[in-house]
Amino acid sequence: MADDVFYMKQALIEAQKAADRGEVPVGAVVVCRDRIIARSHNLTETLNDVTAHAEMQAITAAANTLGGKYLNECTLYVTVEPCVMCAGAIAWAQTGKLVFGAEDDKRGYQRYAPDALHPKTVVVKGILADDCAQLMKDFFKKKR
């Protein structure tokens, strides 16, 4: 649990980078053998690409670092519950563990595709959930 909190704090740093750029503040890190091998945040506005979610960026970066497409020995930390698109990518990458902070009742995979993840992926929810949710609330409050 202490490691999950540490790595989620790293994902929150990435989420803040997204917010600072005017992006929806979602951040992600990929950890393999107790080492961060990828860091990312949303880049949908920057890249003008609806698929440039933090998770997608992190999966690509981690695969490049490892030299292979499977992340079965890795943990993906993300500040907000992945959407269905990202859950599909997490499944295709056969990610070993997914840890997320805040749940996304409107667009999260649990609502639309609860079985989207790979069957062997371990899921841990709610790590620093209040901090993750607050960053989103603050961002959208400023937008309105």
Side-chain angles (χ1 to χ4, degrees), residues 1-66 69-118 121-144:
M1 174 89 168
D3 284 348
D4 286 346
V5 170
F6 173 81
Y7 292 122
M8 187 60 72
K9 286 181 179 179
Q10 297 301 305
L12 276 164
I13 290 168
E14 290 298 314
Q16 187 59 57
K17 289 179 188 177
D20 293 345
R21 295 178 78 150
E23 299 275 359
V24 174
V26 178
V29 297
V30 177
V31 176
C32 191
R33 297 183 190 100
D34 300 320
R35 187 171 70 94
I36 296 174
I37 62 168
R39 295 173 172 273
S40 63
H41 52 272
N42 272 359
L43 291 170
T44 58
E45 300 300 325
T46 303
L47 299 177
N48 198 29
D49 178 357
V50 297
T51 68
H53 290 192
E55 302 94 321
M56 302 296 273
Q57 303 298 313
I59 289 167
T60 299
N64 287 336
T65 298
L66 294 174
K69 60 186 177 180
Y70 297 118
L71 306 180
N72 54 314
E73 295 182 21
C74 300
T75 300
L76 171 64
Y77 291 86
V78 62
T79 56
V80 177
E81 176 187 344
C83 69
V84 173
M85 173 186 70
C86 293
I90 292 164
W92 283 110
Q94 297 180 18
T95 306
K97 182 177 175 184
L98 167 65
V99 179
F100 66 85
E103 294 195 29
D104 184 347
D105 297 333
K106 292 182 182 175
R107 296 197 173 192
Y109 80 92
Q110 295 177 107
R111 177 178 181 177
Y112 296 104
D115 297 324
L117 298 177
H118 191 277
T121 299
V122 174
V123 178
V124 176
K125 311 173 194 179
I127 302 296
L128 299 179
D130 292 341
D131 296 339
C132 296
Q134 193 60 52
L135 190 56
M136 293 289 279
K137 289 174 188 167
D138 292 347
F139 176 80
F140 285 110
K141 189 183 276 187
K142 288 179 187 171
K143 285 280 187 193
R144 291 186 183 112

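None of these values were measured; they are calculated from a predicted model.
Nearest heavy-atom pair, Ala102 versus Cys132, reported as atom, atom and distance to 0.1 Å: N-CB, 3.8 Å. Nearest heavy-atom pair across Ala87 and Leu117 is O-CD2, 3.7 Å.
For Thr51, the side chain to side chain contact (heavy atoms under 4.5 Å, CB included) partners two or more places apart in sequence, or in a different chain, are Asp49, Met85. Residues meeting the side chain to side chain contact (heavy atoms under 4.5 Å, CB included) test with Tyr112, sequence neighbours left out: Val84. Take Arg33 and apply the salt bridge (Lys or Arg N to Asp or Glu O under 4.0 Å) test, not counting sequence neighbours, and it matches Glu73. Among residues two or more places apart in sequence or in another chain, the side-chain hydrogen bond (donor to acceptor under 3.5 Å, both in side chains) test is passed with His41 by Glu14. Every residue was checked against the side-chain hydrogen bond (donor to acceptor under 3.5 Å, both in side chains) condition with Asp131, not counting sequence neighbours, and none meets it. Every side chain to side chain contact (heavy atoms under 4.5 Å, CB included) that Ala62 has, sequence neighbours left out, goes to Val30, Ile37, Ala38, Leu71. Residues satisfying the side chain to side chain contact (heavy atoms under 4.5 Å, CB included) test with Ala89, not counting sequence neighbours, are Met56, Ile59.
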| field | Worked check of side chain to side chain contact (heavy atoms under 4.5 Å, CB included) between Val24 and Met136 | value | CA-CA 7 Å; Val24 174; Met136 293 289 279; 3.7 Å; yes

| message | As a quick check of understanding, evaluate side chain to side chain contact (heavy atoms under 4.5 Å, CB included) for Cys74 and Leu66, giving each step before the final call. | response | CA-CA 10 Å; Cys74 300; Leu66 294 174; 3.7 Å; yes

| request: Begin with the C-alpha distance, continue with both residues' side-chain angles, and end with the deciding distance and a verdict on side chain to side chain contact (heavy atoms under 4.5 Å, CB included) for His53 and Val26. | output: CA-CA 8 Å; His53 290 192; Val26 178; over 6 Å; no

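Screening residues 78-95 for salt bridge (charged side-chain N to carboxylate O under 4.0 Å, His left out), with sequence neighbours left out, gives no hits. Sorted by first and then second residue, the ring pair (Phe, Tyr, Trp, His ring centres under 6.0 Å) pairs with a member in residues 71-108 read Tyr7-Tyr77; sequence neighbours excluded. For residues 54-63, no pair satisfies salt bridge (charged side-chain N to carboxylate O under 4.0 Å, His left out), with sequence neighbours left out. Listed by first then second residue, pairs satisfying salt bridge (charged side-chain N to carboxylate O under 4.0 Å, His left out) with a partner in residues 20-30 number zero, not counting sequence neighbours. For residues 94-112, the salt bridge (charged side-chain N to carboxylate O under 4.0 Å, His left out) pairs, not counting sequence neighbours, are Asp4-Lys97.
A heavy-atom distance below 4.5 Å is found between the side chains of Ile13 and Lys17. The shortest side-chain heavy-atom distance between Leu98 and Leu76 falls under the 4.5 Å cut-off.
The CZ atom of Phe6 sits 10.5 Å away from atom CG of Asp34, with the distance rounded to the nearest 0.5 Å. Going from atom CD1 of Ile90 over to atom NE2 of His118 covers 13.0 Å, rounded to the nearest 0.5 Å.
Not a single donor-acceptor pair under 3.5 Å links the side chain of Asn42 to the backbone N or O of Pro25. Remark: the backbone N or O of Gly101 is not paired with any side-chain donor or acceptor of Thr79 at under 3.5 angstrom. Judged purely by atom type and a 3.5 angstrom limit, Thr75 has no side-chain atom pairing as donor or acceptor with the backbone of Val31. Counting only distance, with no hydrogens or angles, the side chain of Ser40 and the backbone of Ala54 share a donor-acceptor pair below 3.5 Å.
For the 3.5 Å distance criterion, the side chains of Asp138 and Gln134 qualify, holding a donor opposite an acceptor.
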